[in-house]
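Before any comments, here is the structure.
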Amino acid sequence: MGITMRTEKDKMLAGELYDPLDPALVQARERARDLCQDLNATRERDHDVRRSLLKQLFGQGGESVWMQPPFFCDYGSNILLGERVFFNFNCVVLDVCLVKIGDFTMFGPSVQIYTATHPMNAELRRRQEFAKPVEVGSDVWVGGGAIICPGVTIGSKSVIGAGSVVTRDIPGGVFAAGNPCRVIREITE
């Protein structure tokens, strides 16, 4: 019985330390950056071209996402979108680990989602990095300029105020804002 070697991609997706300069990972990032560059060069009337690029870029949800370029990501394939997710201009998703986003969630302009993080030890940081997955529920609205940090989960039907830095989990059905982001109040219909 042979021992199977885990790839750097396997380690990356598991949230373990991995080598970001691994040739397979470099190639996958180059693919995503090329697709983003092509997407960002499209014009508003290029609906079919955009849709084709989005379907190639995302691991799931490219057929229904509503995207206002420019958009940037590391891999794209690690972004799993529900139905009709909306990204406004200039969003960034560092999808080193899985990023799961529920149905009908909206991101304002310049929202940034980070899964990538780095060791505190400087020597280790020179060679390796790691990541923590991010999950955003359905019917969430994330205001412009917000930053969602590695490992965070945001519950369904919550609203995140513009400019917030989300460093910890936010439950569903609340308005949360600030730096660090904290629950301000429940949302009542």
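- No side-chain donor-acceptor contact under 3.5 Å links Gln128 and Tyr18.
- Residues Pro70 and Asn90 form a side-chain contact, since some pair of their non-hydrogen atoms from C-beta on lies under 4.5 Å apart.
- Taking all atoms of both residues into account, the shortest heavy-atom contact from Val136 to Ile148 is CG2-CD1, 4.3 Å.
- Of the inter-residue distances, the one linking Asn78 atom CG with Leu94 atom CG reads 11.5 Å to the nearest 0.5 angstrom.
- Heavy atoms only, all atoms of each residue included: Gly76 and Ala32 are closest at N-CB, 4.3 Å.
- In this structure, Met12 is not a member of the same hydrophobic cluster as Val134, with clusters built from ILVMFWY side-chain heavy atoms closer than 4.5 Å.
- Within 6.0 Å of the CD atom in Gln37, the count of heavy atoms belonging to other residues, nucleotides or ligands does not exceed 12.
- No donor-acceptor distance shorter than 3.5 angstrom exists from the side chain of Arg84 to the backbone of Ser64, with no hydrogens or angles considered.
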Working for side chain to side chain contact (heavy atoms under 4.5 Å, CB included), residues Arg185 and Val183: CA-CA 6 Å; Arg185 64 178 173 82; Val183 174; 5.9 Å; no
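- Between the CG atom of Leu98 and the CD atom of Gln60 there is a distance of 10.0 Å, given to the nearest 0.5 Å.
- Leu39 and Pro69 make their closest contact through O-CG, 3.9 Å (heavy atoms, listed as atom of the first residue, atom of the second, distance).
- In this structure, the side chain of Arg168 does not engage the main chain of Gly151 through any donor-acceptor pair within 3.5 Å.
- With hydrogens and angles disregarded, a donor-acceptor distance shorter than 3.5 Å links the side chain of Asp10 to the backbone of Thr7.
- Counting heavy atoms from C-beta on, the side chains of His118 and Arg126 never come closer than 4.5 Å.
- Although no hydrogens or angles enter the test, the distance criterion places a donor-acceptor pair under 3.5 Å between the side chain of Ser164 and the main chain of Gly178.
- For the pair Thr105 (side chain) and Asp139 (backbone), a donor-acceptor distance under 3.5 Å is present.
- A donor-acceptor contact shorter than 3.5 Å links the side chain of Ser138 to the backbone of Asp103.
- Under the 3.5 Å distance criterion, the side-chain polar atoms of Asp169 are matched with a main-chain donor or acceptor of Thr153.
- Pro20 approaches Val26 most closely through the heavy-atom pair O-CG2, 3.9 Å.
- One hydrophobic cluster holds both Leu81 and Leu53 under the rule that ILVMFWY side chains link at heavy-atom gaps under 4.5 Å.
- Nearest heavy atoms, Pro119 versus Glu129: CD-CA, 4.0 Å.
- Phe107 pairs with exactly one of Phe87, Trp141, Phe89 by the ring-ring contact (aromatic ring centres under 6.0 Å, His included) rule, that one being Phe87.
- Two rings, from Phe71 and Phe58, have their centers less than 6.0 Å apart.
- Scanning all heavy atoms of the two residues, the minimum distance from Leu13 to Cys97 falls at O-SG, 3.6 Å.
- Residues Ile170 and Val85 share a single hydrophobic cluster, defined by chaining ILVMFWY side chains whose heavy atoms lie under 4.5 Å apart.
- Judged purely by atom type and a 3.5 angstrom limit, Ser158 uses its side chain to pair as donor or acceptor with the backbone of Val174.
- With a 6.0 Å radius and a threshold of 12 heavy atoms from other residues, nucleotides or ligands, Glu186 has its CD atom at or below the threshold.
- Ion pairing between Arg33 and Glu30 fails under the 4.0 Å rule for side-chain N and carboxylate O.
- Side-chain atoms of Asn121 come within 3.5 Å of backbone N or O of Leu124 as a donor-acceptor pair.
- Under the 4.5 Å side-chain contact rule for hydrophobic residues, Leu25 and Leu35 do not share a cluster.
- Met67 and Val142 fall within a single hydrophobic cluster, where Ile, Leu, Val, Met, Phe, Trp and Tyr side chains are chained together by heavy-atom contacts under 4.5 Å.
- Screening Ile101, Val166, Asp95 for a side-chain contact (heavy atoms from CB on, under 4.5 Å) involving Ile113 leaves a single residue, Ile101.
- In this structure, CD on Gln56 lies 12.5 Å from CZ on Arg51, to the nearest 0.5 angstrom.
- For CZ of Arg6, the number of neighbouring non-hydrogen atoms (other residues, nucleotides, ligands) closer than 6.0 Å is greater than 12.
- The structure places CD of Glu16 at 11.5 Å from CZ of Phe130, a figure rounded to the nearest 0.5 Å.
- Side-chain contact check for Met106 versus Trp66: every heavy-atom pair is 4.5 Å or farther apart.
- Annotation: side chain of Asp48 is not in contact with side chain of Arg50 (no heavy-atom distance under 4.5 Å).
- In this structure, the separation between CZ on Arg29 and SG on Cys73 is 12.0 Å, given to the nearest 0.5 Å.
- Side-chain atoms of Arg31 never come within 3.5 Å of backbone atoms of Gln27 as a donor-acceptor pair (strictly under, hydrogens ignored).
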